[in-house]
Amino acid sequence: MPLCQTAINLKTMIFSTYIRYMNIDILAPEELELLRQLIDDAQHIIICGHKSPDGDALGSSLAWCDYLKSQCGKQPAVVMPDAYPDFLRWLPNSDRIVRYDKHQEEVKQLFQKADLVFCLDFGSTGRVDEMQSVLEASPAKRVMVDHHTNADMDTVLSISRTDASSTGELIFRIIWQLGGFERMTCQGAVPIYCGMMTDTGGFTYNSSRPDIFFIISQLLTKGFDKDKIYRNVYNNYSQWAIRLRGYMMSQKLNVFEDFHASYFAISRSDMRDFHFVKGDAEGLVNVPLSIKGMKLSVSLREDDRKNNLVWVSLRSVDDFPCNEMAAEFFNGGGHVNASGGRLYCSLDEAEKVVRQAFIHYEDRLKRK
């Protein structure tokens, strides 16, 4: 056998062994067949994400839409409950998203007509907030793809993997297992990468498994510039957003050194003074974790429309379970190092709840 052919065969064997080791497939054979059948049979498909969609909800939805259109011949509608951050508007085909808060009647008609709904990046219908009744009233079969804990949605197929870095990762694995990777377009690869990047804080948490970086290496073969995606997301703020961030860190940050924890609170007046738009505070909760010895960071943000509603974000390092704190004190949940929730009270009362949470977890926060 020629030497060059031997080298090719060896390379193919090594790559095949590597793929088996990575264990990209996540669906059992019967689940895979069911998913294929559901897609084949569906005439009117909806893909929807959770309220206040982030990079993962948006990215996984747009990537799945691209797959269904380009490889399955379907024409799915992508529906979101409300606005998404301004710094994600560059995502391919994001302009085709239908928002429930802006087009309620259109969305209601879409759900009534639908025969298949994909619920991406959420495991409970309550996560779509005001759109919940519309989703639940739809006669369509539901498929859930999610990586959060405590999924409780009524579905015909639930693809729930709490160890995954993101729903974008799950969508990649599903497309891979369906045999769709070779024909995946750049427009399909970019949203997956964006979702994986944003849901891991630029691959700084919940992203230590080797298979995550194998997936990234495969996505990069589609020819996009990952550095530009980073800049589009993280270096795309207005001057007012930067001023708000500086003000929060210099004037509003409360640091509890003995607890290795901190929090800050963004009020309506802060948002008005700094011309706040959705996404301006994205990732700000991570900044206090750069303080030496800090284990936990909590951000509070007063809702700009509803009274007595405060949005809570939590980030932690190492093994401190901010998801447990979110569930116990903030009506929320999430992952060990990245979670969220909400409080139905004033901002002052919310700050008291945060302090109570710190005291409750005092032993674990002070532990070295």
**OP:** Check the pair I266 / M271 against side-chain contact (heavy atoms from CB on, under 4.5 Å), numbers first and verdict last.
**Re:** CA-CA 7 Å; I266 305 175; M271 290 186 279; 3.8 Å; yes

**OP:** Decide side-chain contact (heavy atoms from CB on, under 4.5 Å) for Q187 and N93; before the verdict, give the C-alpha distance in whole Å, the side-chain angles of both, and the deciding distance to 0.1 Å.
**Re:** CA-CA 8 Å; Q187 288 192 330; N93 297 314; 3.7 Å; yes

Subject >> Chi angles and distances behind the side chain to side chain donor-acceptor pair (under 3.5 Å) call for R89, N236 >> reply: CA-CA 11 Å; R89 295 187 183 277; N236 199 17; over 6 Å; no

Original post:
When you look at D199 and S166, which way does the side chain to side chain donor-acceptor pair (under 3.5 Å) test go after all the steps?
Top reply: CA-CA 6 Å; D199 238 34; S166 56; 5.5 Å; no

Subject >> Verdict with supporting geometry, I46 and V107, side-chain contact (heavy atoms from CB on, under 4.5 Å) >> reply: CA-CA 10 Å; I46 289 178; V107 171; over 6 Å; no

Original post:
For D66 and T185, what are the C-alpha separation, side-chain angles and deciding distance, and is it a side chain to side chain donor-acceptor pair (under 3.5 Å)?
Top reply: CA-CA 8 Å; D66 183 81; T185 66; 2.8 Å; yes

**OP:** Given side-chain contact (heavy atoms from CB on, under 4.5 Å), test Q218 with W176 step by step and report yes or no.
**Re:** CA-CA 10 Å; Q218 296 304 295; W176 179 283; 4.0 Å; yes

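Remark: the S269 side chain and the S267 side chain contain an N/O donor-acceptor pair separated by less than 3.5 Å. With 3.5 Å as the limit, one finds no donor-acceptor pair spanning the side chains of S339 and N323. With 3.5 Å as the limit, one finds no donor-acceptor pair spanning the side chains of W240 and D280. Neither side chain, E130 nor Y100, offers a donor N or O lying under 3.5 Å from an acceptor on the other.
Residues V190 and D225 have side chains not in contact (no heavy-atom distance under 4.5 Å, counting atoms from C-beta outward). Side chains of R173 and I215 form a contact here, defined as non-hydrogen atoms less than 4.5 Å apart. Inter-residue side-chain proximity for V145 and I171 is flagged as met; some heavy-atom pair is nearer than 4.5 Å. Considering only heavy atoms from C-beta on, E136 comes within 4.5 Å of Q132 through its side chain. By the 4.5 Å heavy-atom criterion applied to side chains, R364 and H260 are not counted as neighbours. At a threshold of 4.5 Å between non-hydrogen side-chain atoms, the residues S61 and M80 count as touching. Taking 4.5 Å as the limit, every side-chain heavy atom of E31 sits out of range of all side-chain heavy atoms of L34. The shortest distance between side-chain heavy atoms of W311 and L343 does not fall below 4.5 Å.
Taking a 6.0 Å sphere around CG of D154, one finds it holds 12 or fewer heavy atoms contributed by other residues, nucleotides or ligands. Residue K352 qualifies as open at atom NZ: its count of foreign heavy atoms under 6.0 Å is 12 or below. For Q112, the CD atom is densely surrounded, since the number of other residues' heavy atoms within 6.0 Å is greater than 12.
Distance check: F329 CZ to Y361 OH gives 6.5 Å after rounding to the nearest 0.5 Å.
For the pair K278 and D82, the salt-bridge criterion is met [side-chain N within less than 4.0 Å of a carboxylate O]. Ion pairing of E105 with K108 is present here, as a side-chain N (NZ or NE/NH1/NH2) and a carboxylate O approach within less than 4.0 Å. Salt-bridge formation is detected for the pair R342/D129: a Lys NZ or Arg NE/NH1/NH2 atom is positioned less than 4.0 Å from an Asp or Glu carboxylate oxygen. Under the 4.0 Å criterion applied to side-chain N and carboxylate O atoms, R99 and D101 are assigned as salt-bridge partners. Ionic pairing of D211 and R209 is present here: one or more N-O contacts between side-chain nitrogen and carboxylate oxygen are shorter than 4.0 angstrom. Salt-bridge annotation for R301 and D270: absent, with no side-chain N of the basic residue lying under 4.0 Å from a carboxylate O of the acidic one. Of the charged side-chain nitrogens involved, none lies within less than 4.0 Å of a carboxylate oxygen, so that E182 and K222 do not count as a salt-bridged pair.
Note on residues 217-238: pairs passing ring pair (Phe, Tyr, Trp, His ring centres under 6.0 Å), not counting sequence neighbours, are Y193-F224, Y230-Y234. Counting only residues at least two apart or in different chains, ring pair (Phe, Tyr, Trp, His ring centres under 6.0 Å) contacts with residues 332-354 comprise H147-H335, H148-H335. Residue pairs that meet the ring pair (Phe, Tyr, Trp, His ring centres under 6.0 Å) test with at least one member in residues 65-89, sequence neighbours left out, are W64-Y67.
Not a single side chain to side chain donor-acceptor pair (under 3.5 Å) links K69 to another residue, sequence neighbours left out. R183 pairs by the side chain to side chain donor-acceptor pair (under 3.5 Å) definition with nothing, not counting sequence neighbours. Remark: N337 pairs with S316 by the side chain to side chain donor-acceptor pair (under 3.5 Å) rule, at least two apart or across chains.
Just one of E106, H103, M131 meets the side-chain contact (heavy atoms from CB on, under 4.5 Å) condition when paired with V79; it is M131.
Of all heavy-atom pairs spanning L178 and L32, the tightest one is CD2-CD1, 3.5 Å.
Aromatic rings from F172 and F181 are positioned such that their centres are separated by under 6.0 Å.
Under the 30°/60° scheme for interplanar angles, the aromatic rings of F203 and F213 are found to be tilted.
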